[in-house]
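The sequence lines fix the lettering, A, B, ..., with proteins before strands; numbering per chain opens at 1. All heavy atoms count here, side chains included; hydrogens, waters and symmetry mates do not.
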There are 2 protein chains.
Amino acid sequence: MKRRDYGQYCGLARALDLVGERWALLIVRDLTIRPRRYTDLQAGLPGIPTNVLSTRLKELEQAGVVERRVAPAPQRGVVYALTPVGQDLEPVLLALGRWGSSQLGDPRPGDVISPDAAVLNMRANFQPAEAAGVTGSWEIHVGDLVAYAVLTDGEFESGIGPAPGKPDLVMTARLGADDVPSYRAFVKAAKSGKVDLVGPRELLDTFLRVFTVPKAA
Amino acid sequence: MKRRDYGQYCGLARALDLVGERWALLIVRDLTIRPRRYTDLQAGLPGIPTNVLSTRLKELEQAGVVERRVAPAPQRGVVYALTPVGQDLEPVLLALGRWGSSQLGDPRPGDVISPDAAVLNMRANFQPAEAAGVTGSWEIHVGDLVAYAVLTDGEFESGIGPAPGKPDLVMTARLGADDVPSYRAFVKAAKSGKVDLVGPRELLDTFLRVFTVPKAA
DNA sequence: CTGCATCCCCTCAGATACTG
DNA sequence: CAGTATCTGAGGGGATGCAG
């Protein structure tokens, strides 16, 4: 299998050789949330041709970024997961995601908003400095989307779906009719008080402090 | 001009829409070092077809990443430079560069090593914590490549060519016959003492502390 | 000499259909 | 569920042409 490459001895060029092909980093994005099956990835990447997904998975596997596992008895089937090398891509995803977010205006009609994107966005907004020593758990509801964040003495974990265990604060955004259920929309709603809370109110401020980027001066 | 896009309301997807096309980030890489002319870019990106370079520059311009300037009297001609938005991509380049470097083995025959790659690599290795309060200037020679780094009370600047002003320390790597003149090769040489110095020896240790990533335990 | 535009070829993305 | 097979067309790779 001849892979075309940039032919430069350069970290950036090598990175692009490995994960620069179309769709590759979006596949990695979905896998950072949790391991997925083939059809999960298809569903999370609207518009990806099945042959491209198939090809990318093979390439990423060969690159040592993705691991193909045959799941054991209970559910059985094929599951794709990130290798440690693939997990090391998270800073890249966050850097790209932050930059892209700053270039992201209002959603255009037809834009899909996936739960994975929302969780990535929350992670990209995470402020480790503000989180130092903080413990707590939050559950986020925006439209159909449910996600959670758990802080254990500053250690951050997040994912799609209801929080594992009982969350300290459940937050449900009250969206306008036209609002798309994104992490952005949630934060916007939360900041303007358009959010229903189940739990202590102070934890909302904590959340906003730890999980949003402060406005530049 | 209809640009295909991922159709996701997601920072990462948007970033890839804007700078995810082939060659785009390598063009940005070269422009982070300094503004360039069309032919400079061609020379720095061996293998890029001229029509692709032309197309990318237009796309990047439209994306607000690159600015096309018509240089005034002295040299006259067209110069491409990064806009502030484009400069904000530096964390992305560094993150990708770091990851890619970790996946970068020995240079393969035919691999080109460009000065831009070397400077990006030095920047990616920069340790702000170690640099706090440090002032000094270094000039690096590896094969034909000359680059410099200047620290002014922790503020970091770097580029291709001889240092502006008289450098505190000039370092020239003694390469083996097979060694490719990369930043990596320089660091390797410097760490093993295979480097000729003009200036105080302690500054070499300072350099290695500030401009290399410490080995993980 | 710089700064592209044009042409041709061919790979690869995109879409759909189909199979173990 | 997890892909493979097949077709089409856009766009990358490479060479060349040409105006300012």
Side-chain angles (χ1 to χ4, degrees), chain A residues 1-8 13 16-27 30-31 35-63 66-81 110 112, chain B residues 1-8 13 16-27 30-31 35-63 66-81 110 112:
Chain A
M1 183 200 270
K2 306 173 36 181
R3 302 266 304 108
R4 88 184 150 178
D5 62 85
Y6 288 108
Q8 293 201 14
L16 293 174
D17 283 340
L18 295 175
V19 296
E21 297 285 319
R22 197 159 167 72
W23 292 105
L25 279 180
L26 289 179
I27 294 172
D30 282 17
L31 294 180
R36 299 294 173 102
R37 298 139 159 282
Y38 191 89
T39 41
D40 295 336
L41 290 169
Q42 273 196 41
L45 300 170
I48 190 174
T50 173
N51 56 352
V52 172
L53 176 56
S54 175
T55 306
R56 289 292 164 275
L57 285 171
K58 280 173 198 155
E59 290 166 354
L60 290 172
E61 195 184 351
Q62 183 145 17
V66 160
E67 196 182 11
R68 181 195 152 104
R69 298 179 192 154
V70 177
Q75 70 269 47
R76 101 177 169 286
V78 181
V79 171
Y80 293 92
V112 170
Chain B
M1 180 200 273
K2 305 174 38 183
R3 301 267 304 106
R4 85 187 151 174
D5 63 86
Y6 287 108
Q8 293 201 15
L16 294 173
D17 283 340
L18 295 175
V19 297
E21 296 286 319
R22 198 160 165 72
W23 292 106
L25 279 180
L26 288 179
I27 294 171
D30 282 17
L31 294 180
R36 300 293 173 103
R37 295 196 303 216
Y38 191 90
T39 40
D40 296 335
L41 289 169
Q42 272 196 38
L45 301 169
I48 190 173
T50 172
N51 56 351
V52 172
L53 176 56
S54 175
T55 306
R56 288 293 163 274
L57 285 170
K58 280 173 198 154
E59 290 166 354
L60 290 172
E61 194 184 352
Q62 183 144 16
V66 160
E67 196 182 13
R68 183 194 152 103
R69 297 179 192 155
V70 177
Q75 70 269 46
R76 99 174 170 287
V78 182
V79 170
Y80 294 92
V112 170

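- Side-chain N/O atoms of A/T50 include none lying less than 4.0 angstrom from OP1 or OP2 on D/dG3.
- Of the side-chain N and O atoms in A/S54, one or more sit less than 4.0 angstrom from OP1 or OP2 of D/dT4.
- Between A/Q42 atom CD and C/dA17 atom C1' the separation is 13 Å, expressed in whole Å.
- Contact between the side-chain N/O atoms of A/R22 and the OP1/OP2 oxygens of C/dG14 is found at a separation under 4.0 Å.
- D/dC1 atom P lies 14 Å from atom CG of A/L53, rounded to whole Å.
- If you take NZ of A/K58 and P of D/dA2, they are 14 Å apart, rounded to a whole angstrom.
- Look at CD1 on B/I48: it is 13 Å from C1' on D/dG14, rounded to the nearest Å.
- Between the CZ atom of A/R56 and the P atom of D/dT4 there is a distance of 14 Å, rounded to whole Å.
- Each of B/W23 and A/R37 lies near DNA chain D, and the nucleotide nearest A/R37 is the one positioned closer to the 5' end.
- Counting distance only, with no hydrogens placed and no angle test, the side-chain atoms of B/N51 and the base atoms of D/dG12 include no donor-acceptor pair under 3.5 Å.
- For C/dT2, neither phosphate oxygen OP1 nor OP2 lies less than 4.0 angstrom from any side-chain nitrogen or oxygen of B/Y80.
- Residue B/R4 contributes atom CZ, which lies 6 Å from atom C1' of C/dA13 at whole-angstrom precision.
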